[in-house]
Amino acid sequence: MPFSLLMTVRTRFAPSPTGYLHVGGVRTALFNWLYARQNGGSFILRIEDTDEKRNTPEANQVIFDGLKWLGLDWDEGPDKGGDFGPYRQSERSDIYGKYLARLEASGHVYEDAGAIRFRSPRRPVVVEDIVCGRIEFDMSNPATHPDMTIRRPDGSYIFHFVNVVDDIEMKLTHVIRGEDHLSNTPKHIELYEALGEKPPHFSHIPLILNNEGKKLSKRDGGSSISYFMEHGYAPEAVLNYLCLLGWSPGENRERLTMEEIRALFDLKKINRRNAIFDLDKCFWLNGQHLLSMSLARFVELAKPFVEKAGIAYGSDEALLPALAIVKPKVKHLCDVPDWIGYLFNEDFAFDPAAVDKSLKKPGASGRIEALGVALKEVEDWTHANVEACLKATATTLGVKAGELVHPARVAVSGRSVGPGLYEMFEVLGKDRTLERFDKAKAMAAD
RNA sequence: GACCCUAUCGUCCAGCGGUUAGGACACUGCCCUUUCACGGCGGUAACACGGGUUCGAAUCCCGUUAGGGUCGCCA
C-alpha cells in the first residue's frame with residue numbers, strides 16, 4: 001500500500017438511532033464531512049445501536065433521510081458497505097469479542113458482578129485536541145474516575161469500548177465530536193494505549209444550546225432536522241447556519257454557498273464557546289438563500305411542497321413563471337403553495353379584510369371597470385405594458401396609482417399581500433386577469 | 001461535590017498589546033416602494049468582576065463569579 005493511502009483522512013459520523021436527527025449531530029456530521037472532503041478523505045457513517053431498544057428500521061431511516069436531504073454523502077456505511085463493515089454496531093459483536101480478548105490477554109480487565117471492567121492505569125492522560133489544545137487529565141482518583149465498564153453481564157458492550165474499537169477497526173484518522181465527549185476522551189485514550197493502538201486526532205467542538213442556555217433537546221423548536229425539512233428550509237441554508245455556530249470565515253461573511261464553505265472551512269479556527277441556537281437568524285439566512293439561489297434550484301426545492309398541497313398547476317411551463325414571481329418573497333418553502341395557489345384556481349378565497357379595505361372602498365367598482373376597459377386594449381401582455389396602462393389609466397381618472405393597484409391586487413388574488421401586481425397579471429394572462437376583474441366588480445363598492 | 005471547558009451588544013461571529021470595540025439576527029427611525037418582502041442610510045445595545053504584567057489590556061497571567069460539560073452496566 002502506498003504511503004499516501006495510509007495517511008488518507010478518514011472521519012465519521014456515528015449517531016445513535018433515536019428516531020430523530022438532532023441539529024447538533026448534524027453540525028458534527030457537517031464538520032466531519034467537510035474535513036474529509038477538504039482533504040480528499042473518506043466520510044463514514046456508523047450506526048451506534050448497541051442499545052437494542054433503540055435499534056429500529058424507522059430510526060435508522062431518519063438518519064439516512066436527514067443526511068441525504070442535507071447532501072452530506074458518505075463513502076462507507078450500513079447501506080453501501082465498505083472495507084471495514086459491518087457499519088452497525090449491533091452486527092459487530094464478534095469484533096468486540098476479539099478486542100476484549102486482547103485486553104484480557106494483557107491483563108487490562110477484570111470481572112465485577114458479571115460485568116467486565118477496564119482497569120485504569122491511573123496515570124495522567126494528555127489530550128492533544130485540534131480545537132481545544134493540550135489538556136491534561138489526572139486519572140489517579142478512582143472515586144472520580146472509576147474503572148469503566150466495557151461489557152454488561154448480558155454480554156452487550158458499552159459505548160466507550162465499542163466506539164474506540166470501531167474507530168481503530170475503521171481506521172479513523174480524525175475524531176470530530178461534541179465537547180460533551182472531551183471528558184470521556186482520556187478514558188478512550190487509555191483504551192487505545194492498552195490495545196497498543198495510536199489514538200486518532202481529536203477535535204471537540206462546542207455544543208449547541210437552546211435559548212435558555214441549556215443543551216438543546218428534543219422539546220426545543222428546531223432541534224430536529226425534520227423541522228427544517230417540513231418547513232421548507234433549503235438544506236444549504238441550514239448547513240450554512242450551522243457551520244456559523246462556532247466558526248466564521250472572517251471578513252464578516254455570513255451567507256455562503258456550500259462551495260464557499262468547503263473552500264473556507266478550517267477546523268483549527270473553530271472557537272470553544274457553546275452557542276445558542278437562534279431560529280430567527282436561521283430563518284433569515286434561509287430567506288437569503290432562497291433569494292440568491294438559481295430559479296432551477298428554487299423549483300427543485302419548492303416543487304415537492306406544491307405537489308403535496310395538491311395544486312393543479314398543469315405543466316412545468318405554467319408552474320415556473322409562478323414560482324419565479326414568488327421566489328424573492330418567500331421565506332419558507334412550505335409557504336409556496338399559499339403564495340401561488342390562487343394563480344391556478346379560479347375559486348380562490350377572498351380575504352374579508354382585504355376586500356373591506358380595497359374593494360369596498362367607494363368608487364372601487366368604477367375604477368376596476370375603467371382599468372379593465374383599458375387593459376383590454378393592451379395587445380402585448382407584458383409586465384411593462386400593463387404597468388404603463390395602469391399608470392395611464394390612473395392619470396386619466398385623476399387618482400393615484402395605488403387607488404387602482406390595491407383593488408386590482410385583491411381582485412386577482414383575493415388578498416392584499418403578494419408578488420408584484422404586474423408580474424401576477426403577466427402570469428395569469430390577459431383573459432384570466434380580465435375575468436377576475438369582472439368577478440371582483442360584483443363585490444366592489446360603487 | 002470532583003475534574004474539564006468557557007466568559008465581547010439579548011443572540012451569533014470579528015478582534016488576538018495601541019480600534020471612535022466591527023458585522024449579522026432581533027428591536028427600532030428614515031428612505032425606496034403598488035402590497036409584502038428585498039435594498040439603502042441611521043439608532044438602541046457588549047469587553048462579567050477584582051487583582052496583576054505593561055508606557056499602554058477586550059486581548060497576557062492569577063483569583064472570584066457565572067454558565068456549560070463529564071464523572072452510568074445511555075450513547
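Remember, it's a predicted structure, so these values are computed and weren't measured experimentally. Reminder, nothing fancy here: chain letters follow the sequence lines and each chain counts from 1.
Here A:Arg367 does not reach the OP1 or OP2 of B:U34: none of its side-chain N or O atoms lies under 4.0 Å away. An OP1 or OP2 oxygen of B:C13 is reached within less than 4.0 angstrom by no side-chain nitrogen or oxygen of A:Asn252. A sub-4.0 Å separation between OP1 or OP2 of B:A75 and a side-chain N or O of A:Thr50 is present. In this model, the phosphate group of B:G23 is not approached by any side-chain N or O of A:Lys281 to a distance below 4.0 Å at OP1 or OP2. Contact annotation: A:Arg253 side-chain N/O to B:A14 OP1/OP2 distance is not under 4.0 Å. Proximity of A:Arg273 to the phosphate of B:G67: no side-chain N or O atom is located under 4.0 Å from OP1 or OP2.
One C1' atom belongs to B:G22, the other to B:C62, and the distance between them is 30 Å to the nearest Å. Taking atom P on both nucleotides, B:A7 is separated from B:A14 by 11 Å, rounded to a whole Å. Separating the C1' atom of B:A58 from that of B:C13 is a span of 15 Å, rounded to the nearest Å. For the C1' atoms, the distance linking B:U6 with B:U64 amounts to 15 Å, nearest Å. For B:C32 and B:G40, the P atoms lie 16 Å apart once the distance is rounded to whole Å. For the C1' atom pair drawn from B:C71 and B:G52, the interatomic distance equals 34 Å after rounding to whole Å. Using P as the reference atom, B:C9 and B:A45 are 14 Å apart when rounded to the nearest Å. Comparing B:C27 with B:U44, their C1' atoms are spaced 8 Å from each other, to the whole Å.
A:Lys214 comes within 4.0 angstrom of sugar-phosphate atoms only, judged by non-hydrogen atoms across all strands, and of no base. At the heavy-atom level, A:Ala401 lies nowhere under 4.0 Å from the strands shown. A:Asn184 comes within 4.0 angstrom of a nucleotide base, judged by non-hydrogen atoms across all strands. Here A:Lys327 lies out of heavy-atom contact (under 4.0 Å) with every strand. No engagement by A:His204 is indicated, since no non-hydrogen atom pair under 4.0 Å with the nucleic acid exists. At a threshold of 4.0 angstrom between heavy atoms, the contacts of A:Ala143 with the nucleic acid are absent. Across all strands, A:Asn211 comes closer than 4.0 Å to no nucleic acid atom at all (heavy-atom distances). Base contact: A:Gly420 has a heavy atom under 4.0 Å from a base atom. Among the protein residues, A:Ser248 comes within range of the sugar-phosphate backbone only, with heavy atoms under 4.0 Å from sugar or phosphate atoms but none that close to a base. Heavy atoms of A:Gly213 sit under 4.0 angstrom from primed sugar atoms or phosphate atoms, though from no base atom. A:Pro206 comes within contact range of no nucleotide atom at all, as no heavy-atom separation falls under 4.0 Å.
If you check B:A75, B:G69, B:U6 against the side chain of A:Arg272, the one that comes closest is B:U6. Distance from the side chain of A:His181 is smallest to B:A75 among B:G69, B:C3, B:A75. With distances taken from any side-chain atom of A:Lys329 to the nucleotides B:A75, B:G69, B:A37, the minimum falls on B:A37. In the set B:C4, B:C12, B:A75, the nucleotide with an atom closest to the side chain of A:Ile135 is B:C4. With B:C4, B:G68, B:C38 as the choices, the nucleotide that has an atom nearest any side-chain atom of A:Asn274 turns out to be B:G68. Side-chain proximity of A:Lys187 to the nucleotides B:C71, B:C13, B:A75 is greatest for B:C71. Distance from the side chain of A:Val417 is smallest for B:U35 among the nucleotides B:U35, B:A7, B:G72. Of the candidates B:C71, B:U34, B:U11, B:U34 carries the atom nearest the A:Tyr422 side chain, counting heavy atoms from C-beta on. Listed candidates were B:C38, B:U34, B:G23. Nearest to the side chain of A:Lys391 is B:U34. Listed nucleotides: B:U34, B:G39, B:C4. Nearest to the side chain of A:Gln288: B:G39.
Both distances falling under 3.5 Å, in either a Watson-Crick or a G-U wobble arrangement, place B:G29 opposite B:C41. For B:C9, there is no paired base (Watson-Crick or G-U wobble, both distances below 3.5 Å). Under the Watson-Crick and G-U wobble criteria, each requiring two contacts below 3.5 Å, nucleotide B:U35 is left unpaired. Base pairing annotation: B:U64 forms a Watson-Crick or G-U wobble pair with B:A48, both donor-acceptor distances under 3.5 Å. The partner of B:A14 is absent, by the rule that a Watson-Crick or G-U pair needs both atom distances under 3.5 Å. Remark: B:A2 base-pairs with B:U70; criterion is Watson-Crick or G-U wobble with both hydrogen-bond distances under 3.5 Å. Of the nucleotides present, none pairs with B:A21 by Watson-Crick or G-U wobble criteria with both distances under 3.5 Å. Judged by Watson-Crick or G-U wobble contacts below 3.5 Å, the nucleotide B:U54 has no partner.
Screening A:Phe202, A:Tyr35, A:Phe43 for a ring-ring contact (aromatic ring centres under 6.0 Å, His included) with A:His174, the sole residue that qualifies is A:Tyr35. Here the rule is side-chain contact (heavy atoms from CB on, under 4.5 Å) with A:Leu45, and of A:Tyr87, A:Trp33, A:Phe13 only A:Phe13 fits it.
Nearer to the 5' terminus of RNA chain B, by closest-nucleotide assignment, is the contact made by A:Gly402 (compared with the other of A:Met148 and A:Gly402). The residue among A:Thr144 and A:Leu244 whose nearest nucleotide of RNA chain B is located toward the 5' end is A:Leu244.
Between the CG atom of A:Leu209 and the P atom of B:U11 there is a distance of 11 Å, rounded to whole Å. Rounded to a whole Å, the NE2 atom of A:His22 is 13 Å from the C1' atom of B:A75. Rounded to a whole Å, the CD1 atom of A:Ile276 is 11 Å from the P atom of B:U8. Atom CG in A:Asp147 sits about 11 Å away from atom P in B:G72, given to the nearest Å.
Contact between A:Arg409 and A:Met424 at its shortest, heavy atoms only, is NH1-CE, 3.3 Å.
Atom NZ of A:Lys376 has 12 or fewer neighbouring heavy atoms from other residues, nucleotides or ligands inside a 6.0 Å radius. Summarising the local packing, CZ of A:Arg123 is surrounded by 12 or fewer heavy atoms from other residues, nucleotides or ligands at distances under 6.0 Å.
Between A:His160 and A:His188, the ring-plane angle classifies as tilted under the 30° and 60° cut-offs. Ring-plane geometry between A:Tyr233 and A:Phe228 is classed as perpendicular, the angle between the planes exceeding 60 degrees on a 0 to 90 degree scale with a lower cut at 30.
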A:Tyr342 vs A:Phe344, ring pair (Phe, Tyr, Trp, His ring centres under 6.0 Å): CA-CA, chis, key distance, verdict: CA-CA 5 Å; A:Tyr342 52 82; A:Phe344 299 103; 9.2 Å; no
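Residue-to-nucleotide contacts include no donor-acceptor pair under 3.5 Å from the side chain of A:Thr149 to the base of B:G72. In the interface, the side chain of A:Glu254 is paired with the base of B:G23 through a donor and an acceptor atom under 3.5 Å apart.
Note that the CD1 atom of A:Ile176 and the NE2 atom of A:His204 stand 10.5 Å from one another [nearest 0.5 Å].
Checked by atom type, the side-chain pair A:Thr18/A:Ser16 shows no donor-acceptor distance below 3.5 Å.
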